[in-house]
Amino acid sequence: MKLKSRILTFLLVIVVLFAAMGGTVKGILDDVKLGLDLQGGFEVLYEVEPLDGQEITPSILTDTTSALNNRVDQFGVSEPSIQVEGENRIRVQLAGLDDQSSARELLSSTAELTFRDVNDNVLMDGTDLVEGGAAGTFSDSNQPIVTLKLKDASKFADVTKQVSEMPEGQNLLVVWLDFEEGIDSYAQEVLKPKEDQKFVSAARVGQVLNTTDVMIEGNFTVQETKDLASVLNAGALPVKLTEVFSTSVGAQFGEHALKSTVYAGIIGSVLIFLFLMFYYRLPGLIANITLVIYIYLNLLIFVLINGVLTLPGIAGLVLGIAMAVDANILTAERIREELRIGKTVKQAFAEGTKSSWSAILDANVTSFIAAVVLFYFGTSSVKGFATILVISILISFLTAVWGSRILLGLLVNSGYFDNKPGFFGVRKSKIHSIEENVSSLDLSTNFDRFDFVHTRKRYFTLSIILILAGAIVLGLFKLNLGIDFASGTRVDVLAQESLTEEKVSSYMESIGYPSDDIIISGETQNIAAIQYTEEFTQQQILEIKEKMHEEFGAEPNVSAVSSIVGQELVKNAIYALIIAAIGIIIYVAIRFEWRMGIASIIGVLHDIFLMVAIFSFTRFEVDLTFIAALLTVVGYSINDKIVTFDRIRENLDRVKKIENSDELAEIVNKSLRQTLGRSVNIVLNIAFVIVALLLFGAEAIRNFSWALFLGLLAGTYSSIYISAQIWYSIMKKGLNKTGGKIDVERKKKQWGSDEPVV
């Protein structure tokens, strides 16, 4: 009866969960907001500058965002994002916007309308207009014009009377938009060709006009009259806006990036699912079920918090799947150990879930610290990645720790799997009798032939050589900084046919934008990245986009970063790394002991430096996503080291006294051998995802994926051969000072902790 009820409960829970998810998943997917890099659009960061010397206050920033919102409404963008950043910055994101050129022009123009005479004296301004009274229409001769509604006909009569009385040729009413005092003048502009003149129109006034209806004629296109009417209706901005960062993504790029990255994510996830099923058997099946729930909950919460899914965000979600596997693997490995020392399935489940708890907790907390720091200092798409990572860590705790244990507990406690260790991937020939009183320290592993401790010096030497070589490489080549940090302009085009560097170089030179920095990529060599050291103006960007669209059949992505923003991004990246490192050291020192914290951070610094040196040598571009990868690697690397030190601490707790350095070395070696299987499996699962992203993911996150892959390998290496060995070396010196012994029990009582103190 107990057998049936437990299994039926398990099946009922699974059916209810999957029915609920299946019935709502489509709606959730439809509600996921895609970022610029996945559906195309426009993003710009403005620096707010005062007009007429006024101080930039929070109320002025609020008024400016309101005016920008009014302008955005003219484009019909469903969910624009306009946010104040710092004391004098406003970031505008318009995802899914087709007419990016018009948006760029209308957003940044102050839209201060003035009517002036030929001597530049102000006669009327935008305050004389009826709100919302501007419209784009056609004249009697079918020419595009803009009509305005004035508040006071008598005032317009006075103005036109004054202008009409001026000498012939000077009796002109000049209409300006954003006239700059001391810079602009009618006398200078009238000498220029019509298409280059800055004033909107200059109409001859021959009589008094007592009316509220005004018609502005000029060399307009239909779109220009619509744009001018829209910006006038939205109202003038109380400040001047200067672009310090901008990026625009063509719809083709967004669609391509979304499809390729989702495809890569599916492949990576399927490989993880298959591995868990075949290697861990029953716990693997439960892990797969909870991973499906994990993905669903991630998307659900992301929609509920109104998050915006970006390209790095998808990578973060898929990477989160691999990291969520960690808790399942830790628990499964612990259960297998308990089975091998002769415990029953129920006992092994109870002990395995209990003993894996501290390692899972510590690993998740340190990863969480890195993710929160990344969110705080990140911008735009990097913030999206950090958001996904934070949500992933919290949900993996819920599903892998609580959900997996409940589901697996139902099956284990049914009694059906008693005396069936094969369902947990354990062969009966590997199981000891409980009467043998075998400790997990005595269990054989596939890595028993490795002596990590007594070969540590060769690995220390190898790392020192690599670090010195890396320092030389950095000194010679430095880093290939992307425009995020170096400032400048980057143009990416997705062509319909294969490209060559020569072809793109020749074309860019022909349109007046030559570049020596051109990289061709993509599966069919149809993506070109062109970089410039100077920051292009709005007009240059619009010109490039128009010409390249005609040539390649697709609108290019164009990103421009000022030197001010580039310097800030470098500063924030350094702050993020330092603060994350300090936070992790403090946590590890509290949870373990200071030697383990120092050894862990030395290992992480080792990993970071190797990643940076390899990027310098390979000339991979260092951009914002590289920093995201760097902090992710910090989280993973610490995660791996904590699992190792947690096992060392546990094995130390099992002995009362360490008599000499050989006994200490044996504990370290045993701990590394016991956790190496877990480390290899975690590396393998994360590698499934990263390799899938490298092979099938979007080009925009290729460097991000490489950084993760390199960091993954470096983090595993340093956990085994650097951090654990540094800790051993410190402890060995302590042994020499205490006469060669560590009284573990006495020190634990003396310090009131679980850690031995030398």
Side-chain angles (χ1 to χ4, degrees), residues 35-36 42-72 79-95 103-112 178 180-181 231 234-248 305-308 310 372-387 390 483-489 535 537-538 559-580 582-583 623-624 627-628 631:
L36 304 176
F42 171 63
E43 176 181 356
V44 61
L45 179 64
Y46 291 116
E47 189 161 283
V48 181
E49 299 177 6
L51 292 175
D52 303 324
Q54 87 269 40
E55 182 183 353
I56 299 300
T57 62
S59 62
I60 287 179
L61 290 175
T62 300
D63 292 342
T64 305
T65 57
S66 298
L68 289 174
N69 267 309
N70 289 336
R71 295 186 182 188
V72 168
E79 294 191 51
S81 173
I82 302 176
Q83 297 178 328
V84 173
E85 292 188 2
E87 297 179 353
N88 65 335
R89 298 266 176 87
I90 294 177
R91 186 180 297 273
V92 180
Q93 293 175 312
L94 307 177
R104 193 184 208 103
E105 290 182 347
L106 298 188
L107 281 173
S108 60
S109 63
T110 308
E112 187 178 12
D178 299 336
E180 294 185 71
E181 296 287 351
V231 77
L237 295 178
V239 293
K240 179 183 178 182
L241 299 180
T242 301
E243 285 189 16
V244 291
F245 166 84
S246 70
T247 184
S248 58
I305 66 171
N306 207 29
V308 177
T310 61
V372 169
V373 170
L374 183 59
F375 178 84
Y376 183 80
F377 286 99
T379 59
S380 193
S381 60
V382 175
K383 242 182 179 44
F385 171 79
T387 302
V390 168
I483 63 167
D484 291 337
F485 299 117
S487 75
T489 304
E535 182 190 359
T537 64
Q538 282 191 31
S559 299
V561 182
S562 72
S563 58
I564 297 173
V565 172
Q567 292 166 7
E568 288 181 2
L569 291 174
V570 171
K571 181 178 68 177
N572 286 344
I574 294 171
Y575 283 167
L577 288 173
I578 292 174
I579 292 173
I582 292 173
D623 55 15
L624 277 176
I627 301 302
L631 278 176

J.: Determine yes or no for a side-chain-to-main-chain donor-acceptor pair under 3.5 angstrom, with S246 supplying the side chain and V44 the backbone.
T.: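 No.
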
J.: Could you tell me which non-hydrogen atom of I56 sits nearest to which non-hydrogen atom of E87, and how far apart they are?
T.: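 In this case the closest contact between I56 and E87 is CG2-O, 3.8 Å.
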
J.: For E181, enumerate each residue passing the side chain to side chain contact (heavy atoms under 4.5 Å, CB included) test, keeping only those at least two apart in sequence or located in another chain.
T.: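 Side chain to side chain contact (heavy atoms under 4.5 Å, CB included) list for E181, sorted by chain: R116, F179.
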
J.: Partners of T64 by side chain to side chain contact (heavy atoms under 4.5 Å, CB included), sequence neighbours excluded?
T.: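 Listed in chain order: I60, L68, I90, L237, P238, V239, L241.
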
J.: Please evaluate residues Y46 and R91 with respect to the criterion side-chain contact (heavy atoms from CB on, under 4.5 Å), reporting the C-alpha separation (whole Å), side-chain torsions for both, the decisive distance (0.1 Å), and the verdict.
T.: CA-CA 6 Å; Y46 291 116; R91 186 180 297 273; over 6 Å; no

J.: So, using side chain to side chain donor-acceptor pair (under 3.5 Å) as the criterion, who are the partners of E49 when residues are at least two apart?
T.: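 T242.
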
J.: With rounding to the nearest 0.5 angstrom, report the OG1 to CD distance, T247 to Q93.
T.: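 So the gap between those two atoms works out to 10.5 Å.
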
J.: V372: what forms a side chain to side chain contact (heavy atoms under 4.5 Å, CB included) with it, not counting sequence neighbours?
T.: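 Here the qualifying residues are F368, V390.
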
J.: Using the side chain to side chain donor-acceptor pair (under 3.5 Å) criterion, which residues pair with T62? Sequence neighbours excluded.
T.: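 With neighbours one apart ignored, the set is empty.
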
J.: Once salt bridge (charged side-chain N to carboxylate O under 4.0 Å, His left out) is applied, do any residues pair with E47, and if so which ones, sequence neighbours excluded?
T.: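 Listed in chain order: R89.
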
J.: Can you find a pair of side-chain heavy atoms, one from F375 and one from T387, that are under 4.5 Å apart?
T.: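 Answer yes - side chains close enough.
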
J.: Testing the basics here: between T489 and A560, what is the closest heavy-atom pair and its distance to 0.1 Å?
T.: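 Of all heavy-atom pairs spanning T489 and A560, the closest is OG1-CB, 3.9 Å.
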
